[in-house]
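Atoms within each ligand, like the ligands themselves, are counted from 1 in listed order.
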Amino acid sequence: MKKIILSLFIVVSLAFNLRADEGMWIPMLLQNNEQEMQEMGMNITVEDIYSINHSSMKDAVVLFDGGCTGEIVSDKGLLLTNHHCGFDWIQYHSTVEHDYLTNGFWAMSQEEELVCPGITAVMLKSMEDVTDRVLEGVDERRTSAEERAEIVANNIDKIKAEAEANTDYQVIIRSFYNGNKYYMIYNEVFRDVRLVGAPPSNIGKFGGDTDNWVWPRHTGDFSVFRIYVSPDGKAADYSENNVPYKPNYHFPISLKGVEEGDFTFVFGYPARTNEYLPAVAVNQEANVIYPVNVDLRGKILDIYNKYQEKDPKVRIQYASKHAHLGNGWKKWMGVVEGINNFKGVEKKYDFDKAFTKWAYQSRARGAYLTLIDEFEKVYAEYEPYRLATTYLSETVLNIEVVTFAASFNKLSKVTKDTPQEEIEKLIENAREATKVFFKDYHQPIDEEVAAMALQEYINNQPADFRPELLNTIVEKYDNVQSYVDELFAKTMFTSEEDINKFLDKFKPSKAKKLAQDPALMAYNNVMDFYEKNVKTKAIELNNKINDMQRVFMRGQMEYHAEVNPDKMMYPDANFTLRVTYGKVGGFSPRDAVRYKHYTTLDGIMQKENPDIYDYVVTDRLRELYETKDYGRYADKDGSIHVAFIAGNHTTGGNSGSPILNADGHLLGLNFDRTWEGTMSDLIYDPSICKNISVDIRYVLFIIDKYAGATRLIEEMTIIE
Ligand code: ARG
Ligand code: GLU
């Protein structure tokens with residue numbers, strides 16, 4: 001018997017062994033990884049990466065604009081991130097006369113660098129373990145989940161307030177390992193960050209949504225910014241008097257490129273992973289929820305495509321909407337396929353079984369005995385609520401006229417007692433929303449989406465999980481189409497002119513009329529149902545699951561400490577600074593196919609197609625290619641390398657992260673993952689999970705040779 005258990009452990013621990021390439025590590029604790037990193041080829045120490053006593057690489061990495069990563073590459077605060085991360089700011093500064101999205105933008109002097117109001121770059125100054133203080137008063141055995149949540153929240157408020165009283169830095173406290181550990185983080189928040197340069201979209205977004213999530217890839221996904229500070233060197237709001245930031249560290253740039261097997265590491269802000277879920281949860285995600293997301297979004301994207309192909313104006317109007325819906329759609333498809341190919345759910349079930357067996361071996365493990373069974377129950381209970389939320393957000397909330405109408409909700413509730421000033425503010429906001437909405441609105445698309453989406457909702461959700469509106473459609477209309485026809489015929493929200501006329505003459509007495517607009521009514525009907533019948537229960541179940549996951553996480557840490565004592569466990573991504581490392585290398589996505597680890601400019605020319613928007617190549621780039629005017633940016637094989645893949649465990653938020661070589665020199669910017677490996681947010685398999693980076697030599701080639709912004713190259717530290 002003992003023998004059987006033992007061999008089961010071995011099988012399971014092999015399947016879920018934490019392999020060298022897996023893991024997103026807390027920089028403060030990186031000493032534990034140093035030996036492995038050095039054995040894999042790293043020439044520096046972890047103190048060079050993260051130190052609070054002297055300058056280190058952490059002083060050159062920022063959370064860029066709340067969702068991406070950026071890195072500092074000069075002693076004048078020059079910052080690199082992805083094109084798709086700077087996209088909104090490039091768009092913000094674009095006008096018909098200065099279309100920076102299409103043509104690119106290059107500040108040829110510091111005076112030309114463009115202010116971006118509201119942008120932030122957040123730099124970690126230090127972090128400390130505050131677990132004991134946060135959990136003070138919690139008794140692991142006796143405190144109930146509700147009491148625990150309250151104690152933790154109160155302690156966090158107290159600790160944070162104390163820390164804030166003694167510092168100018170931003171203070172945040174984050175839970176790690178699902179509430180088993182807490183760290184306090186001090187950040188400097190830079191608020192004057194200016195746009196310095198961006199390549200044209202047919203370089204920065206080359207391949208567009210077609211190539212998104214896919215290797216081989218040829219995207220020059222980078223943009224350039226600069227951090228400014230007050231004359232005394234402190235983070236400050238924008239001012240004319242601000243000066244370029246002098247960082248404690250900036251990354252030297254390597255022109256040496258990469259070879260198969262080279263050690264690399266990525267330093268940045270991964271947003272969210274769930275690597276420690278029970279099988280039932282992974283199954284629900286991959287086989288119940290994502291297929292619905294994928295199916296519904298696929299149907300919407302088909303409708304977009306149909307109209308986008310017919311009309312160039314519509315193509316531009318729906319480009320960003322398409323990119324937004326398409327990014328998740330494609331990724332989730334990859335996750336589902338990856339998990340099924342890898343038999344991920346089965347492997348998770350094996351682990352859960354081994355875990356429960358292990359729990360039965362000692363009295364001290366009483367908290368874990370029935371955990372897996374309870375997960376089965378609570379996830380089963382949760383499933384209809386998750387589906388309800390998914391259907392709501394992927395159907396009704398993708399009917400543009402309905403969500404647009406919702407931006408008039410406050411105005412529809414004003415009364416004669418509402419202060420005039422407030423009404424005027426609401427009217428002004430409504431006018432602005434109207435302008436933005438109609439710039440990119442094509443009604444035939446919306447009508448078709450509405451009919452499809454409502455029909456899907458009705459077909460796939462049981463009557464008691466459908467908002468009244470849908471049941472009314474079923475009962476009172478011949479079919480969904482006749483409801484949709486009526487909706488679009490009667491609503492005011494499809495006509496910019498009608499809305500503006502209405503706003504011109506708005507009085508509180510007209511609020512009622514607004515509230516009775518069928519688009520706004522549809523929105524409110526659906527949201528009321530959600531608030532009353534879905535949300536409360538969904539939150540309750542979610543809290544319960546989170547609490548069980550905390551216990552399960554603790555159990556898994558104990559389990560691995562015994563079964564794989566020399567394997568370390570990393571906490572799931574939570575938008576805090578992490579280091580991940582792995583080797584450069586191609587992979588085999590399927591039978592008989594082997595991917596090389598890099599792509600070149602030749603590949604761009606092979607993909608070139610002037611008739612397909614995603615594959616247009618500018619004359620300038622073609623000219624550089626034909627004259628082979630590559631300067632020092634060519635690889636030793638003579639070609640320009642564009643992108644490369646490596647085994648770093650990254651996720652969303654790692655976009656723009658520096659990828660560094662064994663000496664800590666910049667090799668490129670992370671910007672995506674390979675499609676076959678997108679399941680890595682749930683289960684990491686090093687043989688197919690690869691991160692994609694743009695080669696820094698391509699970035700410099702574009703800045704220098706393509707754009708002639710050589711002044712930027714001159715301020716960088718370049719290692720030939
Ligand atoms: N897939 C990358 C990420 O997850 C890039 C997205 C932007 N690019 C695009 N073609 N939509 O965010
Ligand atoms: N493109 C993603 C981002 O914006 C990174 C790709 C990933 O999810 O790994 O963060």
Side-chain angles (χ1 to χ4, degrees), residues 21-22 24 61-71 80-88 90-91 101 198-199 201-215 217-223 266-275 297 301 304-305 308 315 318-335 338 572-578 580 582 607 612-616 643 645-659 668-684 688-694:
D21 283 359
E22 176 169 4
M24 310 172 160
V61 180
V62 297
L63 172 63
F64 179 83
D65 210 21
C68 282
T69 306
E71 56 274 9
L80 295 179
T81 188
N82 288 147
H83 184 266
H84 78 262
C85 297
F87 192 87
D88 288 351
I90 306 167
Q91 183 169 48
L101 273 185
S201 288
N202 52 32
I203 290 175
K205 210 176 179 259
F206 185 80
D209 291 333
T210 321
D211 286 5
N212 190 23
W213 294 114
V214 167
W215 184 256
R217 191 68 158 278
H218 299 87
T219 314
D221 199 346
F222 79 96
S223 57
V266 173
F267 203 1
Y269 279 89
R272 206 175 153 72
T273 58
N274 287 295
E275 313 283 354
R297 284 199 183 188
L301 291 167
Y304 284 9
N305 286 338
Q308 281 182 294
R315 184 178 53 66
Y318 279 71
S320 163
K321 296 173 191 178
H322 194 290
H324 176 73
L325 287 183
N327 197 39
W329 168 75
K330 201 161 179 184
K331 172 177 155 175
W332 295 323
M333 227 177 343
V335 176
D572 270 320
N574 60 353
F575 248 132
T576 58
L577 188 59
R578 301 293 177 90
T580 170
K607 282 182 178 171
I612 300 178
Y613 182 75
D614 287 343
Y615 296 119
V616 173
I645 48 175
N648 290 291
H649 190 177
T650 54
T651 187
N654 269 126
S655 274
S657 298
I659 178 163
L669 276 60
N670 180 76
F671 70 94
D672 211 356
R673 272 174 289 163
T674 54
W675 197 66
E676 296 79 5
T678 47
M679 67 172 192
S680 66
D681 291 346
L682 295 168
I683 299 175
Y684 190 88
I688 51 168
C689 296
K690 307 283 169 186
N691 71 309
I692 306 179
S693 306
V694 54

Item checked: Identified side-chain hydrogen bond (donor to acceptor under 3.5 Å, both in side chains) counterpart of Arg673 within the set Asn648, Asn691, Asp681 -> Asp681
Notebook entry, point to check: Is Lys331 touching ligand 2 with its side chain, its backbone, both, or neither, if touching means heavy atoms under 4.0 Å apart?
Noted result: neither
Next item on the list: Among all protein heavy atoms, pick out the one at the shortest distance from atom 6 (C) of ligand 1; state its residue, atom name and that distance to 0.1 Å.
Entry: Asn327 OD1, 3.6 Å
Note to self: Could you measure the distance from the OG atom of Ser693 to the CG atom of Asn654? Nearest 0.5 Å is fine.
What the structure shows: 9.5 Å
Checklist line | Proximal ligand 1 atoms for Asp672, defined as those under 4.0 Å from one of its heavy atoms | finding: 1 (N), 2 (C)
Notebook entry, point to check: Is any N or O atom of Asp209, backbone or side chain, closer than 3.5 Å to an N or O atom of ligand 1?
Noted result: yes
Item checked: Backbone or side-chain N or O of Gly652 under 3.5 Å from ligand 2 N or O -> yes
Check: Quick one: does Lys690's side chain get under 4.5 Å of Trp215's, heavy atoms only?
Finding: no
Notebook entry, point to check: With a 3.5 Å cut-off and no angle check, do the side chains of Trp675 and Asn212 form a donor-acceptor pair?
Noted result: no
Next item on the list: Report yes or no: does Gly653 have a heavy atom closer than 4.0 Å to ligand 2?
Entry: yes
Next item on the list: Please round to the nearest 0.5 Å and tell me the distance separating atom CZ of Phe671 and atom OG1 of Thr219.
Entry: 4.5 Å
Note to self: Under a 4.0 angstrom heavy-atom cut-off, which atoms of ligand 2 come close to Arg673?
What the structure shows: 7 (C), 8 (O), 9 (O)
Margin query: Any nitrogen or oxygen of Asn212, side chain or backbone, less than 3.5 Å from one on ligand 1?
Written below: yes
Checklist line | Where ligand 2 meets His84 - atom numbers and elements under 4.0 angstrom, heavy-atom basis | finding: 1 (N), 3 (C), 4 (O)
Margin query: Which option wins on minimum heavy-atom distance to atom 1 (N) of ligand 2: Ser657, Ser655, Cys689?
Written below: Ser655
Notebook entry, point to check: With under 30° as parallel and over 60° as perpendicular, where do the rings of Tyr684 and His649 fit, or are they tilted in between?
Noted result: tilted
Check: Should the ring pair His322 and Tyr304 be called parallel, tilted or perpendicular, given that the plane angle runs from 0 to 90° and is split at 30 and 60?
Finding: tilted
Note to self: Testing the 3.5 Å rule here: is there a donor-acceptor pair between the side chains of Asp221 and His84?
What the structure shows: yes
Notebook entry, point to check: To the nearest 0.5 Å, how far apart are NE2 in His83 and CZ in Phe206?
Noted result: 14.0 Å
Item checked: Distance in Å, Thr69 OG1 paired with Phe267 CZ, rounded so as to fall on 0.5 Å steps -> 10.5 Å
Note to self: Show the atoms of ligand 1 that are less than 4.0 angstrom away from any heavy atom in Gly208.
What the structure shows: 10 (N)
Checklist line | Closest to atom 6 (C) of ligand 2 among Thr678, Asp672, Thr273 (heavy-atom distance) | finding: Asp672
Check: Any N or O on Asn670 sitting closer than 3.5 Å to an N or O of ligand 2?
Finding: no
Notebook entry, point to check: For ligand 2, which part of Trp213 has a heavy atom less than 4.0 Å away: the side chain, the backbone, both, or neither?
Noted result: side chain
Next item on the list: Say whether Gly652 and ligand 1 are in contact under the criterion: heavy-atom distance to a ligand atom below 4.0 Å.
Entry: no
